[in-house]
Amino acid sequence: MSSERYNPKVSEPTWQKAWDMAGSFVTSNSSSKPKYYVLEMFPYPSGRIHMGHVRNYTMGDVIARYRKACGYDVLHPMGWDAFGMPAENAAMERKVHPGKWTYDNIATMRAQLKSMGLAIDWSREFATCDPSYYGHEQRMFIEFYRAGLVERKVSVVNWDPVDQTVLANEQVIDGKGWRSGAPVEKRELAQWFLKISDFSEELLSALDTLTDWPEKVRLMQRNWIGKSEGLRFSFALEDAEGNLLDERLTVYTTRHDTIFGASFCAISADHELTRKAAEDSDLITAFRRECASLGTSEEAIERAEKKGVPLAIYARHPFDPSRKLPVFAANFVLIGYGEGAVFGCPAHDQRDLDFARKYGLDVIPVVARKGEENVEIGAVALIEKDQASVHLINSAFLNGMSVDEAKSEVARRLEEMGIGERTTNYRLRDWGVSRQRYWGCPIPFIHCPSCGVVEVPLDQLPVVLPDDVTFDKPGNPLDRNEEWKSVSCPKCSQHAQRETDTFDTFIDSSWYFARFCSPHASEPVDLDAANYWMPVDQYIGGIEHAILHLLYSRFFARAMKITGHLGIEEPFKSLFTQGMVIHETYKSSSGEWLMPSQVSREGDGWVETSSGNPVLASPAEKMSKSKRNVIDPDDIIDKYGADTARWFMLSDTPPERDIEWTEAGVLGAWRFVQRIWRIIGEVAEFDVDVTAASLRAASGHPAALALRRVTHSTIASVGEDISALRFNRAIARLYELVNAIAASLSTGENAGTAMRVTQREAVSALVQLFAPMMPHLAEECWKVLGHEGLVCEAPWPAHDPALLASDEVTIVIQVNGKKRGELTVEKGLSREALEEACLNHDSVVRSLNGMSVRKVIVVPGKLVNIVAA
RNA sequence: GCGGACGUGGCGAAACUGGUAGACGCAAGGGACUUAAAAUCCCUCGACUUCGGUCAUGCGGGUUCGACCCCCGCCGUCCGCACCA
């Protein structure tokens, strides 16, 4: 028997090398087996891997290894989402070139990932900042442009006047730039857009086909696309003296039933009418500036106090020209949605009510519950969810109608009057892809003074980022790199300039999964390879990507199909969103955050290890550098090995939930590794032959049969649980199997050959079942047990259904729905005999206590409920 | 503000389609082995109890023979909001 402890430090690199030598995870593009493409969202090379990566890639790895064992041709690749702002920030702060910073990080993180023992085909690896990747992206963008999927238009950005740069919403803090502290301005820039909004309906309705996606992600996308059936109509406008103006005000509404409750109109600060009014009003100009300081984030706009300024123009109510609705410029109306103008109905919309109260506008209730028509609106708007119980009041010809009837009637009349039309509106906006930054894919266009916007000829791709750039001045380094910028126009050969904007990095991640099918192809995607591998069968990543990345990728697949680069529209067949890794936080008595390594347990609490001072521990939250509650995967792998870390990540907590990293939990996983090693060592000594015949003979012994039943039911359930990504349940079953094997070893019944054969069968199955989770330990055990070859190449064990069947069944007996006892009976027992047996059962007689039986409910094979009174 | 999710022992959780609430693990307590410690093994482990049971799945109602599960209303926590990736 092997008395030594299992040493992952020696074993893990050995087996990683063995898999490498055997090419176990290298995938060709042709196989007679069914294909399975498993993909985890590729990492941003931030410097080092974190525990979130460990969790994400472990889950994908379990699936990849399991599917391989089940006989699939598995594609499980890895790459790097390598463009983005952190590289530029590093360049500014540490004077290191973004490219060098990025590739150095990739080297570090690749080594870290390899130490996890992932079953990845590394021959397909690429980084999105490789010109050999982004060149194809440029070509596809030009093809999208030719196909009418691209548009140039003006849009609003957050502008930092000091840093001379566009700011991301997260870089705008309280209306100020994060680095400069200068108040942020809104600025209009001509930018490139992908016309995703042309696909709103398609992207929405196809969500119904994504049945293997989490319902919540589909719902989030549905809400994001935001389809609404409404009415666009226009008001006649007049000035303060009552003179009719030439222009009309077009609004969009989904609540046209409340038209008689309208008491004002609100338009965006960026609306044409507001701009015009600002020309001769300092007040309105100031208001426009104030709105601009809110930035472009929808959240900031919605949270801000509702404010407005009157424009001294009035909208005539379409059904009662004597009613004048004052028109306000308001900070809560978004220019990009609908018409950038709304009518306000304060009684039935909280935002409108707050606004009306502030500016002393009328509040007219027009919808009320039947029988409760005398409604008083206080500080809370009346929003009735139950449409059936309400009807219209105070609304002339609409009185008494339901909300839907009133909507139809208003729409019909306004259409008849020629000033309205029913429209479907979507919240989804076109995808602005221009970024005024260096570390991104150059947008392959040239601006010519005579020809305008001109494509870079395909044979001149890729447009490569220049290396000689400096970050010592504000603004985009590409924009001041005259040598790179200056080109001759491909059409007229005049002096022209390159586009200096680069792509949003979401473009890079919108097609990488397709590139993995043929990472070295001279086309963006080799169609044969993509037709074979796509769609991704199982995609795994964080819920934070539920909307943008996944929606953009769905759009990209459609765009690539149109331009002939892909044959499918939905790139991800099944989606899984995993939870975060969280950890307790610690604060010293002086209020500084402490790292987990700086504190130690004392009694019920924590102390600072160096000083013994008490430490305040707070509940676990997302690991973050700022709160110092970060555990470095390298430290864990060094101390316990990758298998222990992997096992812990999969145990206990369901994968979609946040998992709390605890030292005690890791130790538990570590002890389990050693426990398996001891048991395998013990059983490996048994000199018995496991054959069909010896197993059949073993089944004749009750104790052996019992263990065989556990083994085979574990085989059946672990496979099911892994397929359904219920790793925590699979692991609970494995614990049960180990407990059963250990118990059989300690009772002395191991002496018989029958038992030894059964135990050998059990441990071999055990090793195969945990192999996807702890692959290194599994290889080591497999070898000790004397099996040929690698366990990662071995087929998944099959269970014997005959061993799962039983001729007895335990029935729960209830009286009035409460459990009173149980009864084990033969499977085929008749209903009458079962009822009789239950009614005579001691516990039933006792709890009936003289009551008479009214009814007996029998759930076959499960339960009998006796209803008595 | 708008949208979404989640809530079960000391802790992570399980409970398959409305049918035994708490599998499995962690922590804790007790014991064995040991000169001792570590490691390992065994036992106990929701609360109360007159030992018959009773109460328990965030709170309050409802549907049902039966509800962690379905419905209505609250409370709490977390996440997203279009240039972070």
Side-chain angles (χ1 to χ4, degrees), chain A residues 5 41-44 46 81 83-86 157-158 166-172 191 214-217 219-220 222-224 226 296-306 332 336 350-351 354 427-437 504-506 508-509 542-549 551-552 580 619 621-622 651-654 656-660 662 664-665 667-669 671-672 674-675 678 720 724 726 728-729 731-736 739 742 746 810-822 843 846-847 849 854-857 859 862-868:
Chain A
R5 304 194 99 197
M41 291 178 185
F42 66 163
Y44 178 78
S46 54
D81 189 12
F83 275 135
M85 290 205 305
V157 295
N158 300 310
V166 175
L167 296 177
N169 282 333
E170 70 155 14
Q171 298 172 325
V172 180
Q191 309 222 63
E215 188 50 44
K216 72 169 165 185
V217 174
L219 193 60
M220 284 163 89
R222 245 176 236 127
N223 290 333
W224 189 257
T296 58
S297 134
E298 204 167 280
E299 185 191 0
I301 292 165
E302 296 263 347
R303 273 178 188 275
E305 189 194 350
K306 309 299 174 273
F332 60 87
Q350 192 59 47
R351 215 163 43 177
D354 295 344
R427 207 183 74 100
L428 182 64
R429 309 199 291 253
D430 278 336
W431 175 11
V433 297
S434 296
R435 298 291 181 268
Q436 296 68 39
R437 308 194 191 289
D504 176 9
T505 57
F506 270 124
D508 311 329
S509 56
I543 185 71
E544 66 272 21
H545 293 293
I547 299 173
L548 293 183
H549 162 59
L551 194 61
Y552 290 155
M580 294 183 301
E621 50 186 300
K622 182 176 183 172
S651 307
D652 297 343
T653 302
E656 69 278 10
R657 263 187 241 179
D658 289 352
I659 188 170
E660 183 175 354
T662 62
L667 278 169
R671 281 196 299 264
F672 184 66
Q674 299 300 343
R675 187 171 184 219
R678 281 192 305 275
E720 266 175 44
R726 293 184 299 229
N728 56 319
R729 293 205 338 186
I731 282 179
R733 296 290 86 80
L734 289 170
Y735 273 116
E736 282 172 338
N739 289 343
S746 67
T810 300
I811 303 285
V812 169
I813 313 175
Q814 294 183 339
V815 176
N816 288 333
K818 287 189 176 164
K819 184 190 171 187
R820 295 297 165 181
E822 50 186 44
S843 61
R846 198 166 47 222
S847 36
N849 193 24
R854 294 281 166 83
K855 195 158 115 184
V856 179
I857 289 160
V859 183
K862 268 195 177 156
L863 165 144
V864 174
N865 187 14
I866 297 160
V867 186

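Chain identifiers are assigned alphabetically (A, B, ...) following the order of the sequence lines, protein sequences preceding nucleic acid strands; residue numbering begins at 1 within each chain.
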Inset, instruction - Specify the closest pair of heavy atoms between A:Lys306 and A:Arg351, including all atoms of both residues, with the distance to one decimal. - result: CE-CG, 3.2 Å

Inset, instruction - For B:rC75 and B:rG25, measure between their C1' atoms and round to the nearest Å. - result: 31 Å

Inset, instruction - With syn defined as a glycosidic angle within 90° of 0 and anti as everything else, classify B:rG10. - result: anti

Inset, instruction - Between B:rG18 and B:rU64, how far apart are the C1' atoms? Round to whole Å, please. - result: 9 Å

Inset, instruction - Would you indicate which nucleotide in B:rC65, B:rA23, B:rG12 comes nearest to any side-chain atom of A:Ala732? - result: B:rA23

Inset, instruction - Rounded to whole angstrom, note down the P distance from B:rG46 over to B:rA21. - result: 15 Å

Legend entry - Any A:Asn728 side-chain nitrogen or oxygen under 4.0 Å from OP1 or OP2 of B:rC24: no

Inset, instruction - Quote, to the nearest angstrom, the C1' distance that separates B:rA37 from B:rC26. - result: 23 Å

Legend entry - Candidate nucleotides B:rA85, B:rG19, B:rC83, ranked by approach to the side chain of A:Pro86 - the nearest: B:rA85

Inset, instruction - Grab the two heavy atoms, one from A:Asp508 and one from A:Phe42, that are nearest each other, plus how far apart they are. - result: O-CZ, 4.4 Å

Inset, instruction - Determine the Euclidean distance between corresponding P atoms of B:rG76 and B:rG29; express it in Å to zero decimal places. - result: 36 Å

All N/O contacts under 3.5 Å from nucleotides 79-81 of chain B to the protein, with atom names and distances to one decimal?
{"residue": "B:rC81", "atom": "N4", "partner": "A:Glu299", "partner atom": "OE2", "Å": "2.8"}

Inset, instruction - Have a look at A:Glu305 and say if it touches a base, only the backbone sugar-phosphate, or nothing, with a 4.0 Å heavy-atom cut-off. - result: nothing

Inset, instruction - Just label B:rG9 as syn or anti from its O4'-C1'-N9-C4 or O4'-C1'-N1-C2 angle, using within 90° of 0 for syn. - result: syn

Legend entry - Minimum-distance nucleotide (side-chain atoms of A:Asn865 versus B:rC26, B:rG19, B:rC83): B:rG19

Legend entry - Aromatic ring pairing A:Phe672/A:Tyr735, orientation class (parallel under 30°, perpendicular over 60°, tilted between): tilted

Which protein N or O atoms sit under 3.5 Å from an N or O of nucleotides 5-10 of chain B?
none

Inset, instruction - In whole angstrom, give me the gap between the P atoms of B:rC59 and B:rG10. - result: 13 Å

Inset, instruction - Look at the side chain of A:Asp652 and the base of B:rG12, then say whether one donor and one acceptor between them are separated by less than 3.5 Å. - result: yes

Inset, instruction - For A:His549, report the nucleic acid contact type (base, sugar-phosphate, nothing); a contact means any heavy atom under 4.0 Å. - result: nothing

Inset, instruction - From the options B:rC65, B:rC83, B:rG19, select the nucleotide whose nearest atom is closest to the side chain of A:Arg435. - result: B:rC83

Inset, instruction - Sticking with atom P, work out how far B:rA23 lies from B:rA13, rounded to a whole angstrom. - result: 15 Å

Inset, instruction - Supply the atom-to-atom distance A:Asp81 CG to A:Met41 CE, rounded to the nearest 0.5 angstrom. - result: 11.0 Å

Inset, instruction - Please step through side-chain hydrogen bond (donor to acceptor under 3.5 Å, both in side chains) for the pair A:Asn816 and A:Arg854, ending with a clear verdict. - result: CA-CA 10 Å; A:Asn816 288 333; A:Arg854 294 281 166 83; over 6 Å; no

Inset, instruction - Could you work out the separation of B:rA82 and B:rG3 based on their C1' atoms and round it to a whole Å? - result: 14 Å

Inset, instruction - Can you check whether any acceptor in the base of B:rC83 is under 3.5 Å from a donor in the side chain of A:Arg437, or vice versa? - result: yes

Inset, instruction - By nearest nucleotide on RNA chain B, pick out whichever of A:Gln350 and A:Lys818 is the more 5' one. - result: A:Gln350

Inset, instruction - Select one nucleotide: of B:rC41, B:rA13, B:rU20, the one nearest the side-chain heavy atoms of A:Pro654. - result: B:rA13

Legend entry - Spacing of A:Tyr552 atom OH relative to B:rA82 atom P, expressed in whole Å: 10 Å

